[in-house]
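The structure appears below as structure tokens.
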Number of protein chains: 2
Amino acid sequence: MVTMKDIAKAAGVSSATVSRAMKGSGYIGKDMKTKILSIADSLGYVVDANAQSMRTGTTNTIGVIVCDIRNSFFSMVLMEMIQELKESGYTVVLGYSNEDGATELSNLKMMLASRVAGIIFTPVSNENESYIHSLHGNGIPILQLYRRAYEELNSIVVDDERGAYLATSHLIQNGHTDILMLGVDSDISPNRTNGYMTAMNEAHIPIKKNLMLKFQPNEDIKIEVRNVIERCRPTAIVAGTNTFGLDVFAVCHQLGLHVPNDISLVVFDDVPWVQSFDITAIAQPVGGITVTAIHTLINWIKRAGMENAEVVSMKIEPKLISRCSVKNIRKIT
Amino acid sequence: MVTMKDIAKAAGVSSATVSRAMKGSGYIGKDMKTKILSIADSLGYVVDANAQSMRTGTTNTIGVIVCDIRNSFFSMVLMEMIQELKESGYTVVLGYSNEDGATELSNLKMMLASRVAGIIFTPVSNENESYIHSLHGNGIPILQLYRRAYEELNSIVVDDERGAYLATSHLIQNGHTDILMLGVDSDISPNRTNGYMTAMNEAHIPIKKNLMLKFQPNEDIKIEVRNVIERCRPTAIVAGTNTFGLDVFAVCHQLGLHVPNDISLVVFDDVPWVQSFDITAIAQPVGGITVTAIHTLINWIKRAGMENAEVVSMKIEPKLISRCSVKNIRKIT
DNA sequence: AGTCGATGTGATAACGATTACTTTTACAAT
DNA sequence: ATTGTAAAAGTAATCGTTATCACATCGACT
């Protein structure tokens, strides 16, 4: 590898001058600068980011941990983040927690070893609290995205409760009362089922416990959903994640049920397959929220040292996108 | 941040001893080792991977560049890779080329700056040849995955031509002759349409040029597909990527056509939505190929210095998974 | 003429972990 | 008692970059 020393030798100057030419900082002669840059270019010089960060004590690396890449929603989020971070000059170190706390922890440790300048992650649970705190104590800005497991940490989330409320209300407005809610079971966000309950209560529809279920985010729920559909015959379903929505379709296919004629469906997250199959969806604003998250984090990084005591906790409004997967079954009056 | 020096001071030894205790290499007393490790633990010590790599001249970082994360297939590939690399002790730096050569190049440069130990990527085109060569010249093992843009570089790909052949043959066996091929247009892999042609020729079915199309991998092909379907009324479609498959469904929905009754469909890549909607698919073996790719790359890294002149170029067999999206329209004889 | 300040460059010391080399210690073999 | 040898631990240099300090040059102004 070509180093600054090599360039210095070729240009007949010291490596300090080469450094100044590269960064454009400090006093550097105009001619010398162009000369050095052209030599560097011809030798194929590339900075050693590791050496750079060791000397400066800072890196331009951001750690990102996603909980589930199979869920297209998180793929979209990841894509947006990478693009935005790259534009801001950051390198992304990627971890994958697979909804598992221990894996999340080992990823966090790896990122600390890489001396990341900040971390964005979708927490799996709140079981890594002490470690997260030690990171925070080390001055590493941490941002929770889409889930808020740690109250005292910065977070940007979508109002899931509101989303479930919108979905359920929409179904109620279309005449449905036997609505199956496939919620996410997690000590972090029991919110989606709350929204369901609010909408049902508001419409004075009694809630049947058999129709309000909670599952692990990465659970295969086909068998249970099939049982519920056969036993309770709901006329509509709210799928709390888009993978749950896929499972619903698989079950409907097994049972010969058609959406929306036999059963209506609203799905969380407006991902490509949901769009192509024209499914009514609760859209979480991926683009906006992601860019906001990145810029927020970068701001925290830049004013390191300043105590940013205030915990930022943003909550973003989801939208219902009405498409063709909901049938109006209201009796004509 | 806690350094080895801090631990050394606390333990009353030199930092060299601390280093030996950490690595377990060289001569180190048993008691001293446990003592040092416990002190390190209580102080919350974490190695500085940057300092480590500067000193040793090697990193345990692998660069991964994906071309399209929206395509669930690549999400699955990425997920597998991260898990496998993590198990092998590597850190992943992620780049996203978005099917764009210039973006690919800037990602490659970033990775060189990070002094990655190796690169796995799905090339966009062969336009970055000279830069790729310079990386190779710098002794960085590079592996092309799923696409082979650079002949002289190691590659692991699936036999796309064979996949298209399987898909087309399957449709022909089910009585279809007017088969629309939605291929991928790229100077890298014109193979999928080749397989289509082979199958058609074998069955002595004349190929209509209107039915053999090529598109950019990330192109929105809905309008063109709609036009072709309306004009040519094919009875079956081979979607060369699963995003093309989604577009086909969107168009069918617009036109009121149902799969498989009105039109049959075979899709490339056995991703979650394809499984849930019970679509006949050409499955590329994600798990196997990915693990193979990782291990291959790690082997190259480990025996750096040895000239590994032979270019590894693996081609893996795709499989047709027969499901419910193909209708048998053969006349009963 | 002499002082000041602005500018250009060199020399050098870190950053934190590793390692070749050296020193010390312990203990066995002669 | 002396030498030999292996284990344990210390010393210091090194990786590539950059920040700090020092030095030199030049023009301008009192």
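To find a chain, count down the sequence lines: A is the first, B the second, and so on, and within it residues start at 1.
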Distance below 4.0 Å between B:Q52 side-chain N/O and C:dG16 OP1 or OP2: no
Length of the line joining A:M54:CE and C:dA13:C1', which is rounded to integer Å: 13 Å
Pairs involving residues 119-144 of chain A, ordered by first then second residue, that meet ring-ring contact (aromatic ring centres under 6.0 Å, His included) (sequence neighbours left out): none
Whole-Å distance separating the NZ atom of A:K33 from the C1' atom of C:dG8: 14 Å
Below 4.0 Å: OP1/OP2 of D:dA8 and any side-chain N or O of B:Y27: no
Sugar-phosphate, base or nothing in reach of B:V18, heavy atoms under 4.0 Å: nothing
Residue-phosphate contact under 4.0 Å: A:T17 side-chain N/O, C:dT9 OP1/OP2: no
Distance test, side-chain N/O of A:Y45 to OP1/OP2 of D:dT17, below 4.0 Å: yes
Sugar-phosphate only, base, or nothing, as touched by A:G57 at under 4.0 Å among non-hydrogen atoms: nothing
Note: A:E80-A:K86 ion pair, threshold 4.0 Å (strictly below): no
Spacing between B:I28 atom CD1 and C:dT24 atom P, to the nearest angstrom: 19 Å
Distance test, side-chain N/O of B:T3 to OP1/OP2 of C:dG16, below 4.0 Å: no
Identified side-chain contact (heavy atoms from CB on, under 4.5 Å) partner of A:T296 from the options A:N299, A:T292, A:I298: A:T292
Close side-chain approach of A:V64 to A:L85, heavy-atom, < 4.5 Å: yes
Closest listed nucleotide, where the reference is the side chain of B:R20 and the choices are D:dG16, D:dA9, C:dG16: D:dA9
Main-chain N/O of A:L145 paired to A:T122 side chain as donor or acceptor, under 3.5 Å: yes
Sugar-phosphate only, base, or nothing, as touched by B:M32 at under 4.0 Å among non-hydrogen atoms: sugar-phosphate
Options C:dG16, C:dG10, D:dG10, nucleotide nearest the side-chain atoms of A:V13: C:dG10
Rounded distance in Å - CG (A:N60) to C1' (D:dT17): 14 Å
Length of the NZ-C1' vector between B:K23 and C:dG16, whole Å: 13 Å
Spacing between B:N50 atom CG and C:dC15 atom P, to the nearest angstrom: 15 Å
Separation of D:dA9 P from B:K5 NZ (nearest whole Å): 21 Å
Sugar-phosphate, base or nothing in reach of A:S19, heavy atoms under 4.0 Å: base
Interatomic distance, B:L112 CG vs D:dG16 P [rounded to whole Å]: 14 Å
Sugar-phosphate, base or nothing in reach of B:M1, heavy atoms under 4.0 Å: nothing
